[in-house]
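Because the structure is a prediction, the values reported are computed rather than measured.
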Amino acid sequence: MSRHSTMAKECSGEGYKSHFKPREYFRSNLRGLQRPQEGNYLPWALKMLHQVFSHSGLHGQRLLDVGSGPSIYQILSAGEAFDDIYLSDFIELNRNELRLWLDNSPEALNWSPIIQYVCDLEANGDTCESKSERLRKKVQSVLPCDVNQDPPVCGIDLTFDCILTTLCLECACMDIEKYHQAVARLAGLMKAGGHLIMVVVLDETFYQIGNQRFYCLTLSEATVREALMKAGLSITVFEKCSRSEFADAYANFTAIVFVVAQKNPEKE
Ligand SMILES: C[S@@+](CC[C@H](N)C(=O)[O-])C[C@H]1O[C@@H](n2cnc3c(N)ncnc32)[C@H](O)[C@@H]1O
């Protein structure tokens with residue numbers, strides 16, 4: 001199949017609004033939900049997030065998660081380390097899924113096995129119910145966002161101690177220049193000395209939800225490092241895990257990287 005015909009099937013940009021199916025993404029791409037097993041993306045990401053928020057002592061007042069999708073797994077450890085949490089996504093369908101979970105609706109996606117997994121990592125006797133309740137109280141709002149626009153997040157005029165973004169910028173940015181701009185925009189929302197935490201896929205051209213392919217910007221390790229550096233951020237963690245470690249790969253990446261970068265104090 002030619003590159004052109006492959007590209008034509010890949011959804012991007014505004015296409016997310018009609019083609020991204022939050023429930024199918026939850027069911028098929030975040031595999032390992034019912035029993036988070038070793039060798040899947042989720043337990044790896046949850047352990048990395050647990051490490052940085054629970055063991056490394058990263059904490060603060062305000063955290064913004066950019067491109068949350070319908071997901072809350074990425075804020076489970078952060079919820080213990082930050083007072084106020086803001087979620088955001090490009091499409092209303094995802095924001096609705098987040099609101100259902102925040103409202104504890106019977107219609108909401110069932111994150112309980114994942115929450116329990118993080119309770120087990122934290123090992124402080126917390127229950128899934130009490131952790132969920134605490135987290136719901138900390139989430140201040142679910143905001144529209146577009147990392148290609150200035151400002152990237154609508155309806156808020158705040159700076160953040162921490163910005164988190166998992167598997168998002170490479171889906172949203174159509175070229176390397178836009179990727180650099182998006183990273184710089186996020187850095188612009190951060191307090192001096194604040195942290196940007198990203199989960200990034202390397203060398204991916206597409207990912208799939210069911211039969212629908214989504215575009216992905218092909219990123220190298222060097223590109224990610226350069227974007228952070230140009231945005232005035234210093235990398236403190238860069239943990240790379242190769243594709244062979246993941247049993248549940250549904251895309252053509254070569255590695256996933258967990259990055260923590262700190263905003264230089266003079267750049268606020
Ligand atoms: C692969 S999903 C990742 C969702 C979530 N962060 C996770 O880890 O499960 C990619 C997300 O990027 C969002 N997205 C797409 N274009 C975007 C844009 N221009 N600005 C911000 N987010 C965007 C999509 O709506 C989708 O929720």
Side-chain angles (χ1 to χ4, degrees), residues 11-36 40-46 49 63-79 85-118 128 131-147 152-156 163-172 197-201 204 206-216 248-251 256:
C11 171
S12 63
E14 290 296 309
Y16 265 83
K17 294 180 178 167
S18 46
H19 288 93
F20 191 90
K21 307 275 183 268
R23 296 205 159 215
E24 203 169 337
Y25 174 68
F26 175 80
R27 267 195 308 271
S28 66
N29 295 50
L30 299 177
R31 279 188 206 143
L33 274 169
Q34 296 314 317
R35 269 182 306 138
N40 285 334
Y41 164 71
L42 264 184
W44 175 79
L46 294 171
L49 291 161
L63 176 141
L64 170 68
D65 181 48
V66 174
S68 307
S71 307
I72 57 125
Y73 73 88
Q74 67 279 18
I75 56 160
L76 291 171
S77 293
I85 295 189
Y86 295 80
L87 300 175
S88 67
D89 199 71
F90 185 58
I91 69 169
E92 179 63 11
L93 282 176
N94 282 335
R95 298 194 294 270
N96 280 341
E97 290 295 346
L98 293 169
R99 288 189 197 105
L100 287 174
W101 186 81
L102 291 169
D103 292 343
N104 204 3
S105 161
E107 308 285 299
L109 299 172
N110 178 18
W111 290 98
S112 299
I114 295 304
I115 298 167
Q116 187 56 54
Y117 184 82
V118 176
C128 175
K131 186 171 178 64
S132 305
E133 220 23 64
R134 235 179 8 262
L135 185 58
R136 287 186 175 106
K137 286 191 182 129
K138 287 196 172 182
V139 176
Q140 305 299 308
S141 22
V142 179
L143 301 160
C145 75
D146 182 348
V147 297
V153 180
C154 304
I156 196 153
I163 294 187
L164 177 61
T165 185
T166 55
L167 310 173
C168 171
L169 297 190
E170 53 273 44
C171 303
I197 301 180
M198 302 199 295
V199 175
V200 186
V201 284
E204 181 172 295
F206 71 88
Y207 72 99
Q208 235 163 292
I209 303 178
N211 292 327
Q212 178 65 55
R213 277 188 179 196
F214 289 84
Y215 159 87
C216 188
D248 61 348
Y250 49 86
I256 307 189

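- If you take SG on Cys11 and OH on Tyr215, they are separated by 12.5 Å, rounding to the nearest 0.5 Å.
- Between the side chain of Asp65 and the backbone N or O of Leu87, no donor-acceptor pair lies under 3.5 Å.
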Please lay out, stage by stage, how Asn110 and Ser112 fare under the test side chain to side chain donor-acceptor pair (under 3.5 Å).
-> CA-CA 6 Å; Asn110 178 18; Ser112 299; 3.0 Å; yes

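- The only option from Asn29, Val200, Val199 that meets the side chain to side chain contact (heavy atoms under 4.5 Å, CB included) definition with Leu167 turns out to be Val199.
- Distance check: Leu102 CG to Ser132 OG gives 10.5 Å after rounding to the nearest 0.5 Å.
- Atom CG of Leu93 and atom NZ of Lys21 lie 7.5 Å apart (nearest 0.5 Å).
- Proximity of Tyr41 to Thr166: side-chain heavy atoms (C-beta onward) are separated by under 4.5 Å at one or more points.
- Between Arg23 and Glu97 a salt bridge is recorded (basic side-chain N to carboxylate O distance below 4.0 Å).
- Ile91 CD1 to Asp146 CG: the interatomic distance, rounded to the nearest 0.5 Å, is 12.5 Å.
- Taking both residues in full, the closest heavy atoms of Cys168 and Gly67 are given as SG-CA, 3.7 Å, listed atom of the first, atom of the second, then distance.
- Considering all non-hydrogen atoms of both residues, Gly155 and Leu143 come closest at O-CD2, 4.3 Å.
- For the ring-ring contact (aromatic ring centres under 6.0 Å, His included) with Phe20, the lone residue among Phe90, Tyr207, Tyr25 that qualifies is Tyr25.
- Using a distance-only test at 3.5 Å, with no hydrogens or angles considered, no donor-acceptor pair links the side chain of Ser71 to the main chain of Tyr73.
- Between the side chain of Lys138 and the backbone N or O of Gly79 there is at least one donor-acceptor pair closer than 3.5 Å.
- Looking at Glu170, its side chain does come within 3.5 Å of a backbone N or O of Val201 through a donor-acceptor pair.
- The shortest non-hydrogen separation linking Glu24 to Gly210 is OE2-CA, 3.3 Å.
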For salt bridge (charged side-chain N to carboxylate O under 4.0 Å, His left out), just list the numbers for Glu133 and Arg136, CA-CA rounded to whole Å, side-chain angles, deciding distance to a tenth of an Å, and then say yes or no.
-> CA-CA 5 Å; Glu133 220 23 64; Arg136 287 186 175 106; 3.5 Å; yes

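- Residues Ile75 and Val139 have side chains in contact (heavy-atom distance under 4.5 Å, counting atoms from C-beta outward).
- Ion pairing between Arg95 and Glu92 holds under the 4.0 Å rule for side-chain N and carboxylate O.
- Between Leu76 atom CG and Ile114 atom CD1 the span is 8.0 Å, to the nearest 0.5 Å.
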Trp101 and Val142: CA distance, side-chain angles, deciding distance, side-chain contact (heavy atoms from CB on, under 4.5 Å) verdict = CA-CA 11 Å; Trp101 186 81; Val142 179; over 6 Å; no

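- Atoms CZ and OG, from Arg99 and Ser141 in turn, are 9.5 Å apart once rounded to the nearest 0.5 Å.
- The nearest pair of heavy atoms linking Ser88 to Cys145 is OG-SG, 3.5 Å.
- Annotation: side chain of Ser77 is in contact with side chain of Val118 (closest heavy-atom distance under 4.5 Å).
- Side-chain contact between Asn94 and Ser68 is absent, with no heavy-atom pair separated by less than 4.5 Å.
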